[in-house]
Number of protein chains: 2
Amino acid sequence: MSSIKKIPNSTIARLYLYLRELNSLAQMKIDRVSSTDFGKRTNLSDAQIRKDLNYFGNFGVTGVGYNVSELIAALEKILGKDKTFNVGVIGAGSLGSALIRYRGFKKRNLNLVAAFDVREEIVGSSINGVFIYHIDQLEEIVKREMITIAAVAVNEDKAQSVVDKLVASGIKCLLNFAPVLIVVPDDVKISNVDMSVELEVLSYFLAQNGQ
Amino acid sequence: MSSIKKIPNSTIARLYLYLRELNSLAQMKIDRVSSTDFGKRTNLSDAQIRKDLNYFGNFGVTGVGYNVSELIAALEKILGKDKTFNVGVIGAGSLGSALIRYRGFKKRNLNLVAAFDVREEIVGSSINGVFIYHIDQLEEIVKREMITIAAVAVNEDKAQSVVDKLVASGIKCLLNFAPVLIVVPDDVKISNVDMSVELEVLSYFLAQNGQ
DNA sequence: AATTGTGAACCTCTTCACAGCT
DNA sequence: AGCTGTGAAGAGGTTCACAATT
């Protein structure tokens with residue numbers, strides 16, 4: 001049985017990958033899979049997969065492998081696929097629009113329900129069916145649409161003040177895309193996605209190799 | 001003296017943050033900073049900063065701190081700020097456009113020089129001064145514009161075939177934004193940015209806390 | 001014979017703590 | 001007195017390797 005062990009963040013991120021891969025196995029009418037085989041499909045080690053799954057229970061059968069449909073059901077429960085979360089996008093510029101259209105979200109239990117901006121020329125219009133509200137309506141819409149996660153896609157000079165407003169509206173989970181450091185209270189969880197960080201690391205390697 | 005130690009990727013990513021912060025200190029005419037003070041400004045521990053800088057040399061003066069302008073010069077050299085890299089964006093849809101406009105790149109030594117797409121209605125136009133070429137011209141433009149890094153912003157079903165073309169054109173550094181696993185030869189470096197992974201981790205925590 | 005579950009080893013990166021320098 | 005540079009310890013995560021199980 002799994003106990004009160006700390007589960008790595010990276011494990012949780014991989015569970016979504018597992019679920020996608022399992023669903024494609026189910027579509028192919030494959031109902032049993034070993035960790036070795038599953039590792040090949042996901043480009044991970046067999047031990048990694050066993051360890052990840054074991055944080056949540058003993059789903060496998062020794063000498064046999066894992067039952068695909070049972071594992072799908074278990075993962076869906078673990079990941080709260082029955083629950084959905086409503087996400088608001090702050091900033092409906094090019095990055096905000098890209099987020100609204102980004103297919104990575106659609107597959108998950110994340111609903112983009114509203115966008116916010118200050119520019120009068122876009123407030124009141126929609127992107128992909130997502131309505132753009134004025135930022136002054138933030139608190140009202142957060143409550144009405146039961147938004148629990150905000151994705152911040154504004155310019156870096158406005159990011160901190162926007163986050164302050166979000167925190168004041170009761171949002172506890174933030175995803176920040178602005179390439180700047182944001183300060184939040186301890187009870188608020190913020191993740192940062194700096195899309196250029198990875199590129200920087202790449203360019204550093206290019207610089208070292210004298211290209 | 002620093003030796004042949006392995007330098008963490010995360011250290012390299014932080015060097016860019018250091019450089020930005022140092023430049024803002026320089027603007028304020030502050031020419032000396034201690035690791036403790038610098039740590040407060042960057043939200044990092046003092047030890048982290050000393051360790052990071054030490055990978056590259058002994059820039060500090062014991063009992064005094066670091067000289068801001070000397071450190072700026074050193075970091076610019078380390079990061080190859082004299083060199084610039086030309087980046088091509090593959091896919092000029094909403095995400096591609098967002099990347100072209102994303103301010104995170106502009107500050108660094110990364111030039112977005114060209115975009116590529118297959119849709120005739122946008123090929124030939126420009127976004128923010130970046131010309132959109134047809135993907136068939138990839139090899140030609142990669143050579144002419146000396147593109148060494150490609151950012152892949154196409155739909156996940158087209159990502160692998162696009163990457164294959166890029167590799168065939170001689171690109172060795174790739175940044176993939178499509179939420180799908182890409183396979184590349186060993187001599188090609190690929191980094192993945194799945195913008196929804198962080199959100200997934202956030203939503204998992206929300207699910208656990210029964211919100 | 002095949003494959004899981006898992007402790008131990010390992011690796012990478014961060015923090016601690018302090019000797020040594022100015 | 002103040003601060004760096006750094007070995008050692010710690011934290012977090014991955015891989016190894018094998019006893020246990022069907």
Side-chain angles (χ1 to χ4, degrees), chain A residues 1-15 17-18 22 25 30-68 70-71 74-75 78 191-192 197-198 201 204-205, chain B residues 1-15 17-18 22 25 30-68 70-71 74-75 78 191 197-198 200-201 204-205:
Chain A
M1 253 306 178
S2 75
S3 52
I4 26 81
K5 265 197 174 172
K6 167 92 184 74
I7 297 161
N9 276 356
S10 39
T11 291
I12 293 156
R14 279 191 298 270
L15 292 188
L17 169 64
Y18 296 168
L22 286 167
L25 284 176
I30 298 171
D31 207 49
R32 199 208 295 170
V33 71
S34 70
S35 56
T36 313
D37 185 26
F38 200 63
K40 274 176 196 147
R41 291 172 185 279
T42 52
N43 249 23
L44 296 166
S45 73
D46 55 330
Q48 178 87 82
I49 282 157
R50 292 198 300 277
K51 195 127 245 184
D52 281 346
L53 295 176
N54 246 126
Y55 283 116
F56 303 97
N58 296 9
F59 302 117
V61 180
T62 309
V64 178
Y66 296 86
N67 179 290
V68 171
E70 277 175 25
L71 200 48
L75 289 184
I78 291 162
S191 287
N192 292 288
V197 165
E198 295 277 348
V201 174
Y204 171 79
F205 281 105
Chain B
M1 251 310 177
S2 75
S3 52
I4 25 83
K5 267 196 174 171
K6 167 91 183 73
I7 296 161
N9 277 356
S10 39
T11 291
I12 294 158
R14 280 191 299 270
L15 293 187
L17 169 65
Y18 295 168
L22 287 167
L25 285 176
I30 298 170
D31 207 48
R32 199 208 296 171
V33 71
S34 70
S35 58
T36 313
D37 185 26
F38 200 63
K40 276 177 195 146
R41 291 172 185 278
T42 51
N43 249 23
L44 296 166
S45 73
D46 55 330
Q48 178 87 82
I49 283 157
R50 291 198 299 278
K51 196 128 245 183
D52 281 346
L53 295 176
N54 245 128
Y55 284 116
F56 303 97
N58 297 8
F59 301 117
V61 179
T62 310
V64 178
Y66 296 87
N67 179 290
V68 172
E70 276 174 25
L71 200 48
L75 289 184
I78 291 161
S191 287
V197 165
E198 295 278 349
E200 286 174 340
V201 173
Y204 170 79
F205 282 104

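Naming: A, B, ... by sequence-line order, numbering from 1 per chain.
Remark: P of D/dC16 and CG of A/D46 are 9 Å apart, rounded to the nearest angstrom. If you take CG of B/N54 and P of C/dT15, they are 16 Å apart, rounded to a whole angstrom. Taking atom CZ of B/R32 as the reference point, atom C1' of D/dT4 lies 13 Å away to the nearest angstrom. If you take CG of B/L44 and P of C/dC13, they are 15 Å apart, rounded to a whole angstrom. Put simply, NZ on A/K51 is 10 Å from C1' on D/dC16, counting in whole angstrom units. Rounded to an integer number of Å, the gap from A/I12 CD1 to D/dG12 P is 13 Å. Following rounding to the nearest Å, A/K6 (NZ) and D/dT14 (P) show an atom-to-atom distance of 11 Å. In this structure, the CD1 atom of A/I49 is 18 Å from the P atom of D/dG13, given to the nearest Å.
For the atom pair CD1 (B/I49) and CG (B/N54), the distance works out to 12.5 Å, reported to the nearest 0.5 Å. Distance CZ/A/R14 to CG/A/N9: 10.5 Å, rounded to 0.5 Å.
Dashed line: the shortest gap from a side-chain N or O of A/Y66 to OP1 or OP2 of C/dG5 is under 4.0 Å. Proximity of A/S10 to the phosphate of D/dT14: a side-chain N or O atom is located under 4.0 Å from OP1 or OP2. A close approach under 4.0 Å does occur between a side-chain nitrogen or oxygen of A/Q48 and OP1 or OP2 of D/dT15.
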Worked check of side chain to side chain contact (heavy atoms under 4.5 Å, CB included) between B/L53 and B/L75: CA-CA 9 Å; B/L53 295 176; B/L75 289 184; 4.2 Å; yes
Test side chain to side chain contact (heavy atoms under 4.5 Å, CB included) applied to B/Y18 and B/L44, step by step: CA-CA 11 Å; B/Y18 295 168; B/L44 296 166; 3.6 Å; yes
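Among the protein residues, A/R14 comes within range of the sugar-phosphate backbone only, with heavy atoms under 4.0 Å from sugar or phosphate atoms but none that close to a base. Across all strands, B/F59 comes closer than 4.0 Å only to sugar-phosphate atoms, never to a base (heavy-atom distances). B/T36 comes within 4.0 angstrom of no nucleic acid atom, judged by non-hydrogen atoms across all strands.
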Nucleotides 18-22 of chain D: which of its N/O atoms have a protein N/O under 3.5 Å away?
none

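Not counting sequence neighbours, B/Y66 has no partner by the ring-ring contact (aromatic ring centres under 6.0 Å, His included) test.
Nearest-nucleotide positions on DNA chain D place B/G60 closer to the 5' end than the other of A/N9 and B/G60.
The closest side-chain heavy-atom distance from A/T11 to A/F56 is below 4.5 Å.
Residues B/V68 and B/I30 share a closest heavy-atom pair of CG2-O, 3.5 Å.
In this structure, of C/dT4, D/dT6, C/dT6, it is D/dT6 that holds the atom nearest to the side chain of B/N58.
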